[in-house]
> 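Pasting a structure below so you can have a look.
Every number for a ligand or one of its atoms is a count from 1 in the order of the listing. The first residue of the sequence shown is numbered 1, and numbering continues consecutively from there.
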Amino acid sequence: MAWYCSGSTNTELVENLFKGGLIKNERVKEAMIGVDRAHYAPSHPYSDSPQPIGHGATISAPHMHGHACEYLVDYLKPGARVLDIGSGSGYLTHVFANLVMGASGRGEGLVVGIDHIPELVDIARKNMNKSDQGRHLQDSGKVQFITADGRLGWKAEAPYDAIHVGAAAEKLHPVLIEQLRAPGRLFIPVGSENGGSTLSTLGLGAGQYIWVVDKKEDGTVHKEKVFQVRYVPLTDPPRK
Ligand SMILES: C[S@@+](CC[C@H](N)C(=O)[O-])C[C@H]1O[C@@H](n2cnc3c(N)ncnc32)[C@H](O)[C@@H]1O
């Protein structure tokens, strides 16, 4: 299904994802149209498939970015604070910023992108500076890219209305749930590519799945396994 959604331009790619039902929300569609993937993917930017971005990493497929936005969109409102863990190319960080700060980038809010590879953090900053709006978002401090271990979240700017994790965790790291606002939502792939996970030992199901974790207004936490995926793992940084 996914490859039918590729396009010859950014707008055509996103329109095809919308027609294919992989994106349903108009705000998500507009936010993705507002970020040219060619600024972030060095090759085949309008193909609905993951692409290499260097340093052993990939930019995820557009339909996965669409899914993540769809699950988080209700929390990506004006003024929201957002954490994007495993920000890689910076593409999704920029889409989140469009959803929170608007197409002009003049609205209020904060989006923090974290990656543990410093070269990728530099690349993300440069990618986002390719558009005037992206440069404004960084210059104003409303978007920040940080080198850190995302498994620890980023306490300095917590709590977050939305936390997205772009690589698979071994477990639902409690610290990420702690850093959620109430209400707030965490979107996180959990489990290993070959099927194991600490969740399976807890009787919560083997394999790699997206989990959506909601912290309700009264502080109670609701966890739901929503669909099966295949992500690269969250790891220690590569040794030099
Ligand atoms: C599949 S890529 C997704 C990148 C990004 N969402 C995109 O689409 O461009 C996963 C990213 O997670 C990063 N990563 C892996 N382990 C990490 C960790 N412990 N802390 C922070 N980033 C990590 C990798 O460096 C890589 O950039």
> Of all the atoms in ligand 1, which lie at a distance below 4.0 Å from a heavy atom belonging to Asp149?
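With Asp149 as reference, the close atoms of ligand 1 come out as 18 (C), 19 (N), 20 (N).
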
> Ligand 1 and Ile53, any nitrogen or oxygen pair closer than 3.5 angstrom?
no

> For ligand 1, which atoms, with element, lie under 4.0 Å from some heavy atom of Ala148?
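Within the 4.0 Å cut-off of Ala148, ligand 1 contributes 20 (N), 21 (C).
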
> Under a 4.0 Å threshold between the charged nitrogen and the carboxylate oxygen, would Lys24 count as salt-bridged to Glu70?
no

> Which of the atoms in ligand 1, numbered in the order shown and given with their element, are less than 4.0 Å from a heavy-atom of Val232?
1 (C)

> Go through the side-chain N and O atoms of Ser49 and Gln51 and say whether any donor and acceptor fall under 3.5 Å apart.
yes

> What part of Leu120 sits under 4.0 Å from ligand 1 if we count only heavy atoms: the side chain, the backbone, both or neither?
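Side chain only.
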
> Test of understanding: given a 4.0 Å heavy-atom threshold, classify the contact between His65 and ligand 1 as side chain, backbone, both, or neither.
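Under 4.0 Å from ligand 1, His65 contributes side-chain atoms alone.
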
> Are His39 and Tyr91, when compared by the centres of their aromatic rings, separated by less than 6.0 Å?
no

> Report, in ascending order of atom number, the atoms of ligand 1 lying under 4.0 Å from any heavy atom of Thr58.
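Checking each atom against Thr58, I get 1 (C), 2 (S), 3 (C), 4 (C).
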
> Do Lys29 and Glu15 sit within salt-bridge range, that is, some charged N less than 4.0 Å from a carboxylate O?
yes

> Please report which non-hydrogen protein atom sits nearest to atom 13 (C) of ligand 1, along with the residue it belongs to and the distance in Å to one decimal place.
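Among all protein heavy atoms, the one nearest atom 13 (C) of ligand 1 is Asp115 OD2, 3.3 Å.
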
> Among all protein non-hydrogen atoms, which one is nearest to atom 20 (N) of ligand 1, and what is the separation to 0.1 Å?
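Atom 20 (N) of ligand 1 sits closest to the protein heavy atom Gly150 N, 2.8 Å.
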
> Between atom CZ of Arg185 and atom CD of Glu224, what is the distance when rounded to the nearest 0.5 Å?
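Arg185 atom CZ to Glu224 atom CD measures 8.5 Å (nearest 0.5 Å).
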
> Go through ligand 1 atom by atom and flag the ones less than 4.0 Å from a non-hydrogen atom of Ser89.
7 (C), 9 (O)

> Considering only heavy atoms, which of Gln51, His116, His164, Arg151 lies nearest to atom 14 (N) of ligand 1?
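The nearest heavy atom belongs to His116.
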
> Using a 4.0 Å heavy-atom threshold (strictly under), name the region of Pro50 that reaches ligand 1: side chain, backbone, both or neither.
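The answer is neither; Pro50 stays 4.0 Å or more away.
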
> Side chains of Thr93 and Asp84 only: does a donor on one sit below 3.5 Å from an acceptor on the other?
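There is such a pair (donor and acceptor under 3.5 Å, judged by atom type) between the side chains of Thr93 and Asp84.
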
> Using the side-chain hydrogen bond (donor to acceptor under 3.5 Å, both in side chains) rule, take Asn98 and Gln133 through it: C-alpha gap first, then chi angles, then the decisive distance, then the call.
CA-CA 9 Å; Asn98 275 6; Gln133 183 246 21; 2.6 Å; yes

> So which protein heavy atom does atom 16 (N) of ligand 1 come closest to, and at what separation?
Thr235 N, 3.0 Å

> Mind checking whether His94 and Tyr40 have parallel, tilted or perpendicular rings, split at 30° and 60°?
perpendicular

> Before accepting this row, confirm whether a basic side-chain N of the pair Asp236/Arg151 lies closer than 4.0 Å to the acidic partner's carboxylate O.
yes

> Just do the salt bridge (charged side-chain N to carboxylate O under 4.0 Å, His left out) check on Asp161 and Arg81 with the steps written out, would you?
CA-CA 5 Å; Asp161 298 85; Arg81 300 172 81 79; over 6 Å; no

> Quick one: look up the protein heavy atom nearest atom 12 (O) of ligand 1 and list residue, atom name and how far away it is.
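Of the protein heavy atoms, Gly86 CA, 3.3 Å lies nearest.
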
> Number the atoms of ligand 1 from 1 as they appear, then name those within less than 4.0 Å of a heavy atom of Ile117, with their elements.
25 (O)

> With a cut-off of 4.0 Å, which atoms of ligand 1 are near a heavy atom of Gly166?
1 (C), 3 (C), 10 (C)

